[in-house]
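Numbers for residues simply follow the sequence, beginning at 1. Note that this is a predicted model, so its numbers are computed, not measured.
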Amino acid sequence: MHVLKFGGTSVANSSNIKLITDIFLQHPAAQKIVVVSAFSGITDQLIACGQLAEAGDDRYAEIITGIEKRHLDTTRELLPVSNQSACLSVVKQLCNELETICEGVFSLQELSARSKDRIVSFGELLSSKIISGYLQALGHAHAWLDSRQLIKTDSQFGNAAVVFAVTNENIRQAIAQSQDALFVAPGFIASNDHNLTTTLGRGGSDYTAAIYAAALQAEALEIWTDVSGMMTADPRWVSNAKPLPAISYQEAMELSHFGAKVIYPPTIQPAMQLKIPVWIKNSFAAQDHGTVIQHETNSDNGFIRGISSISNISLISLEGSGMIGIPGFSKRLFEALANEKINVILITQGSSEHSICVGIHAADVQRASMAVNAAFEIEIAGKKVEPVAVENDLSIVALVGDQMKSHPGISGQMFSALGRNGINVRAIAQGSSEKNISAVIAARDVKKAVNVLHESFFEEVQKQLNLFVVGVGNVGRRLLDQLQQQQTFLAEQLRMQVRVVGVANSRQMYFDDKGVDLNNWKHLLEENGEAQTPDSLVQAIVSRNLRNSVFVDITASDVVASLYEHLLRKSIAVVACNKIAAASALSHYKKLKSLAREFNTSFLFETNVGAGLPVIGTLNDLVKSGDVMHKIEAVLSGTLNFVFNHYDGSRPFAAVVRQAQQEGYTEPDPRLDLGGTDVMRKILILSREAGYALEMDDITNNGFLPASCYEGSVENFYTEMEKHEAHFAGLLQAAQAAGCKLKFVASFENGKASVGLKHISPESDFYHLYGKDNIVLYYTQRYLEQPLVVKGAGAGADVTASGVFADIMRVIH
Ligand code: ADP
Ligand code: ASP
Ligand code: MG
């Protein structure tokens, strides 16, 4: 005997029914029972019918009409016209009965659990009768089994408990007395000892199949559904979830208990007792292997099997000094819950025994807290115990695997992965069998958590980075180009999926949760973008709550820089090309760094100094490895290099500056470069990274611009420079007379920093510095005499973009 159960999607319409009929007819077993669910969505509609009728809303009748039509249509599509009438009249008759019951509910405006079970039972009755009618039309001998008569339960309507002794006997007799080899039975429904219809809980058709299988000691139980087996996580949430070829009964029980909906938890027990293998197979890909749930599994396939989650969880906690060391407290707590038939999903107890925390379905929370408060009324009045505390809007994520107990470090990995992504853990429970570790988290984080854990435990091979790129000027555009070009390489060589989920300029922002098409981002941003404000931008990023999120700031905006704090607090990494934050007040710089640490994320700004050159990275490596910075000498301004490399006296100084501006070397206000502010910011950042507490005001600026140049507009600046040509010519001549070149140099020594124009003699490292090159000399404890030199192009969109790119890669270590 084989028992095959087909779920709601597998019987959703006539073409699916044809498909599954082929599957079970071709199945080689000599005897088969086919258990079917209601057509997908029907149980929910029936529940809605009952609720509307109860509320005195006559729209329940429209739903019934829809249900009737769907079943009549399916019958007509399946059966040849000449064979339809009997089956059509069964459908009509069942729908009439349903209508009569709902009318009763409507007039009484009362829906008992008992009537509700009666109403929902029509879903499975209809589907099984239609499939039976179809088999008859095809000429296949079979019998329709009335699961209501065979499966006997107690009277807990909605979630009835099976009375196995009677049920097993009924089933055995029914099969023994039949001549048939093929049976069709409705899932989900049963009856109590008064023959009133009961149901086995949502998803209960799986259980029905297990009950038949156990009663008949079947060789196998097959659960045919719409996925190719039990997967490492719910495939609707985790696109990389993989089917598990084999798992143990225990693992299946844990996974389904913690929410893997693919199999209804009670299903496993009867099969496990008799060691009946349970297969999960895909009706739409019958050739796929599927999952076999059996006694033992091969532990070579890793020690974590899967990740599952349950939403709509509430925690109730009982706390108080009166609990310490007194036995029986937890017994009373669980008794109070059991009396109310409240299902306890998770339990944690502090080692001090000072508090017990219980996870339950949110729907039960009211009844649970009333029951527990009542049970501890005396202790609460005597202030030995606090009244029950309730926390709502929670979810549970669980990691499941038989072999977990022999592998230390799993919970460490689990909680650090959650922590790195800003997911706060409210409570933790580890089953005493150590077959699962579960954590209670905020409901809003659950999808992210499942993905984070899946990535951490199953996808060393695939990490995902989610980028939000703000600023799509020269550098931003190049970055997007580079990301697009590298996508395949990163996926294939580094197993990384780097997606740009959002792009923004100063006016608009555009998001695509599957990754913005980088061939077309410009058009999408301009045509489909929404208006951008700092608040809406942050809100859009934070609310997505994506794992490994990185905010990439390629603007020069102080407004954008002011967003970092909020983002870091949400564990969103910040990669800034923008220098404003790193060069802001020391306290703010420190705060951002410590927030990054506290929230397990990164604040990186390599391109603040020397564009793509590894200036800050090298410095960080020196400091981290215990070296001490004594002195920094550097030429750090692309603009000033350009200006002094081109100013040879043949053209006025102002004309050279204008050319630099036209060629895109300067800030929009070139005085930030010419006046030394930009270089001051850079040396400030380097000194801070070297571990010194400096402010902008502590830096001496030996500027070379006459004071009047700072007055008025940018145009005025040019006029003033023209007026002062003699001053600039004088600077040049003095240098040339000494055989030197002019360079704007930043220095740091003995805790003091300065910037200014210097005469550079031919023997200096700085003399042969051409084009956009920057140079940094680090004199440290280890590089005492000969400095460590970093030199190369220190400006330009491409190299800057690649520096930003490298920071992005650094976020995921
Ligand atoms: P049926 O109607 O066939 O009983 P269900 O909808 O009850 O099907 O269960 C199948 C669904 O379970 C899948 O479509 C999938 O979305 C969901 N699911 C949740 N967790 C898992 C998991 N770990 N593996 C496979 N499917 C899962
Ligand atoms: N039809 C029932 C439900 O939707 C039982 C099942 O499909 O397993 O819950
Ligand atoms: Mg199901």
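- A side-chain donor from one of Asn519 and Gln484 sits under 3.5 Å from a side-chain acceptor of the other.
- Here the CZ atom belonging to Phe653 is positioned 8.0 Å from the NE2 atom belonging to His727, to the nearest 0.5 angstrom.
- For Asp535, the side chain to side chain contact (heavy atoms under 4.5 Å, CB included) partners two or more places apart in sequence, or in a different chain, are Thr533.
- For the residue pair Glu715 and Ser713, no side-chain donor N or O sits within less than 3.5 Å of a side-chain acceptor on the partner.
- Within 6.0 Å of atom NZ in Lys631, more than 12 heavy atoms from other residues, nucleotides or ligands are found, so the atom counts as buried in its surroundings.
- Proximity of a side-chain donor or acceptor of Thr639 to a complementary backbone N or O of Tyr665 within less than 3.5 Å is detected.
- A donor and an acceptor atom, one from each side chain of Ser456 and Gln413, are located under 3.5 Å apart.
- Crowding of Lys772 atom NZ: a count of heavy atoms from other residues, nucleotides or ligands under 6.0 Å not exceeding 12.
- Closest approach of Arg478 and Ala801 over heavy atoms only: CB-CB, 3.7 Å.
- Atom CG of Leu525 and atom CG of Asn505 lie 4.5 Å apart (nearest 0.5 Å).
- Between the side chain of Asp669 and the backbone N or O of Val714, no donor-acceptor pair lies under 3.5 Å.
- Taking the six-membered ring for Trp and the full ring otherwise, Phe704 and Phe644 have centroids separated by under 6.0 Å.
- Residue-environment remark: CD (Glu527) exceeds the threshold of 12 foreign heavy atoms within 6.0 Å.
- Stacking of Lys741 on the aromatic ring of Tyr767 is recorded, both the 6.0 Å distance cut-off and the 45° axial limit being met.
- Under 4.0 Å is where a charged nitrogen must lie from a carboxylate oxygen, and between Glu689 and Lys593 at least one such pair does.
- Outside the 6.0 Å centre-distance limit, the rings of Phe728 and His724 are not counted as a close aromatic pair.
- Side-chain N/O atoms of Asn645 and Lys743 include a donor and acceptor closer than 3.5 Å.
- Across all non-hydrogen atoms, the minimal contact from Thr607 to Val804 is CG2-N, 3.5 Å.
- Neither side chain, Asn240 nor Glu455, offers a donor N or O lying under 3.5 Å from an acceptor on the other.
- Shown here for Leu418 and Ala449, the closest heavy-atom pair between the two residues is CD2-CB, 3.8 Å.
- Ion pairing of Arg477 with Asp481 is absent here, as no side-chain N (NZ or NE/NH1/NH2) approaches a carboxylate O to less than 4.0 Å.
- Other residues, nucleotides and ligands contribute only 12 or fewer heavy atoms inside 6.0 Å of the CG atom of Asp393.
- Taking both residues in full, the closest heavy atoms of Asn451 and Trp237 are given as ND2-O, 3.2 Å, listed atom of the first, atom of the second, then distance.
- In this structure, a donor-acceptor pair under 3.5 Å is present between the side chains of Tyr564 and Asp553.
- Under the salt bridge (Lys or Arg N to Asp or Glu O under 4.0 Å) criterion, Arg499 pairs with no residue at all, not counting sequence neighbours.
- Contact detail for Ala611 and Val799: the closest heavy-atom pair is CB-CG2, 4.2 Å.
- Using a 3.5 Å distance cut-off with no hydrogens or angles, the side chains of Gln486 and Gln482 do not pair a donor with an acceptor.
- Rounding to the nearest 0.5 Å gives a distance of 4.0 Å between CG of Asp678 and NZ of Lys682.
- Cation-pi geometry between Arg671 and Tyr710 is not satisfied (NZ or CZ under 6.0 Å from the ring centre, within 45° of the ring normal).
- Within a 6.0 Å sphere centred on CZ of Arg444, other residues, nucleotides and ligands contribute 12 heavy atoms or fewer.
- Salt-bridge check for Glu695 with Arg688: passed, with a basic side-chain N closer than 4.0 Å to an acidic carboxylate O.
- Here the shortest heavy-atom pairing between Ala556 and Ile580 reads O-CD1, 3.3 Å.
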